[in-house]
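For reference, the structure discussed in these notes is given below.
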Amino acid sequence: MREGSCPFGLWHVHVAWEDDLVSRVRFLRYPAAGGAPEQFTRYLAGDPNGLAGLRSVATEGESVFARIYRAVQAVPYGETTTYGEVAGRVGTVPRVVGTAMRLNPTPLLVPCHRVVAKDGPGGFSPALELKQALLSLERGKRTY
DNA sequence: TAAAAACCGCGGG
DNA sequence: CCCGCGGTTTTTA
């Protein structure tokens with residue numbers, strides 16, 4: 001298993017992967033020893049198709065969460081959907097979608113930042129600021 | 001271990 | 001404002 005990071009503003013995007021399969025993505029305040037896959041660098045530089053070719057472990061299987069993650073992955077770059085909308089498509093309730101987003105092992109690859117509340121931004125860990133930065137990045141506005 | 005309670009990145013009443 | 005929804009985590013025994 002390989003691990004590395006690339007910078008994003010005040011943060012560093014840490015990635016754990018093997019070949020094209022990504023098992024973990026995290027936002028930390030310090031860099032890793034090595035670099036992240038170039039796809040992440042491209043995405044964070046504003047390339048809409050930067051992440052193409054990478055898979056996430058989170059989307060495998062038939063669990064409710066896996067189906068939620070697949071539904072979220074289907075949300076196009078630069079667009080948003082709501083917790084309730086995803087819930088309806090998967091056959092569960094909004095609250096569970098929120099839980100799945102909170103526990104998302106591979107943010108960015110499963111673009112949980114594109115899921116917002118019906119009226120409001122919804123949440124994001126470790127910082128809501130990151131969700132806003134990612135959304136404005138996809139709108140073509142570089143915050144960082 | 002197993003069962004119960006608490007906890008939520010929500011939404012509708 | 002309050003309560004149910006359903007899946008996860010924490011607490012309790």
Side-chain angles (χ1 to χ4, degrees), chain A residues 1-18 20-32 35-37 39-144:
Chain A
M1 158 121 84
R2 304 181 58 191
E3 292 184 22
S5 74
C6 63
F8 182 57
L10 302 170
W11 300 86
H12 294 269
V13 180
H14 287 236
V15 182
W17 79 102
E18 191 70 61
D20 65 336
L21 185 62
V22 178
S23 53
R24 190 79 205 267
V25 176
R26 285 191 291 175
F27 297 94
L28 301 174
R29 299 305 290 262
Y30 52 89
Q39 283 96 331
F40 283 88
T41 310
R42 287 206 300 267
Y43 170 78
L44 293 172
D47 179 356
N49 294 113
L51 292 174
L54 293 178
R55 296 180 301 129
S56 165
V57 290
T59 58
E60 298 180 341
E62 283 310 311
S63 67
V64 174
F65 272 29
R67 293 210 309 279
I68 291 174
Y69 292 137
R70 282 196 290 272
V72 171
Q73 242 182 357
V75 180
Y77 185 94
E79 294 180 27
T80 60
T81 186
T82 65
Y83 297 98
E85 161 77 33
V86 174
R89 300 237 327 246
V90 173
T92 181
V93 299
R95 211 90 199 230
V96 171
V97 176
T99 303
M101 295 306 97
R102 179 166 53 94
L103 300 176
N104 178 11
T106 60
L108 299 190
L109 223 48
V110 174
C112 53
H113 57 281
R114 295 179 197 149
V115 185
V116 299
K118 192 184 177 192
D119 34 42
F124 198 85
S125 51
L128 187 56
E129 156 209 359
L130 271 168
K131 189 172 188 171
Q132 296 165 334
L134 291 168
L135 287 174
S136 65
L137 170 72
E138 296 193 358
R139 272 185 243 116
K141 297 183 182 176
R142 301 290 304 283
T143 335
Y144 285 143

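In what follows, chains carry the letters A, B, and so on, assigned in the order in which the sequence lines appear, proteins first and then strands, with residues in each chain numbered from 1. When reading the values below, keep in mind they use all heavy atoms of this one structure, side chains included, and skip hydrogens, waters and symmetry mates.
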Heavy-atom side-chain contact between [X] and [Y] under 4.5 Å:
X	Y	value
A/T106	A/S23	no
A/I68	A/V110	no
A/C6	A/H12	no
A/V96	A/Y83	no
A/P107	A/F27	yes
A/V25	A/W17	no
A/S5	A/L28	no
A/M101	A/V86	no

Next item on the list: Could you name each residue pair satisfying salt bridge (Lys or Arg N to Asp or Glu O under 4.0 Å) that touches residues 70-84 of chain A, not counting sequence neighbours?
Entry: A/E62-A/R70
Next item on the list: Mind jotting down which residue pairs meet the salt bridge (Lys or Arg N to Asp or Glu O under 4.0 Å) criterion with at least one end in residues 80-103 of chain A? Sequence neighbours excluded, please.
Entry: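 Output for this query is empty, none listed.
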Side chains of residues 117-130 of chain A: which donor-acceptor pairs under 3.5 Å do they make with residues two or more places apart or in other chains?
{"from": "A/E129", "atom 1": "OE2", "to": "A/Y144", "atom 2": "OH", "distance (Å)": "2.3"}

Checklist line | 5' to 3' contact window, DNA chain B with chain A (heavy-atom distance under 4.0 Å) | finding: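 Listing 5' to 3', DNA chain B meets chain A from B/dC8 to B/dG12.
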For DNA chain C, what residues of [range] have any heavy atom nearer than 4.0 Å?
range	result
residues 99-119 of chain A	A/T99, A/L103
residues 80-87 of chain A	none
residues 59-67 of chain A	A/V64, A/F65

Next item on the list: Measure the CZ-CG distance between A/R24 and A/N104 for me, rounded to the nearest 0.5 Å.
Entry: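 Nearest 0.5 Å value for the CZ-CG distance: 9.5 Å.
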Next item on the list: Rounded to the nearest 0.5 Å, what's the gap from CG on A/L109 to CD on A/Q73? Could you check?
Entry: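 Between atom CG of A/L109 and atom CD of A/Q73 there are 6.0 Å.
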Item checked: Residues in side chain to side chain donor-acceptor pair (under 3.5 Å) contact with A/E138, at least two apart in sequence or another chain -> A/Y43, A/H113, A/R114
Item checked: Partner set under salt bridge (charged side-chain N to carboxylate O under 4.0 Å, His left out) for A/E60, not counting sequence neighbours ->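 Salt bridge (charged side-chain N to carboxylate O under 4.0 Å, His left out) list for A/E60, sorted by chain: A/R55.
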Check: Mind checking what makes ring-ring contact (aromatic ring centres under 6.0 Å, His included) contact with A/H14, not counting sequence neighbours?
Finding: A/Y30
Check: Going 5' to 3' on DNA chain C, which nucleotide is the first and which the last to come under 4.0 Å of a heavy atom in chain A?
Finding: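 The protein-touched segment is C/dG4 to C/dT9.
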Checklist line | Candidate pair A/F65 and A/T99, rule side-chain contact (heavy atoms from CB on, under 4.5 Å), full reasoning | finding: CA-CA 9 Å; A/F65 272 29; A/T99 303; 4.0 Å; yes
Notebook entry, point to check: Tell me, what's DNA chain B's dot-bracket, Watson-Crick or G-U with both distances under 3.5 Å, | for other-strand, [ ] crossing?
Noted result: ||||||||.||||
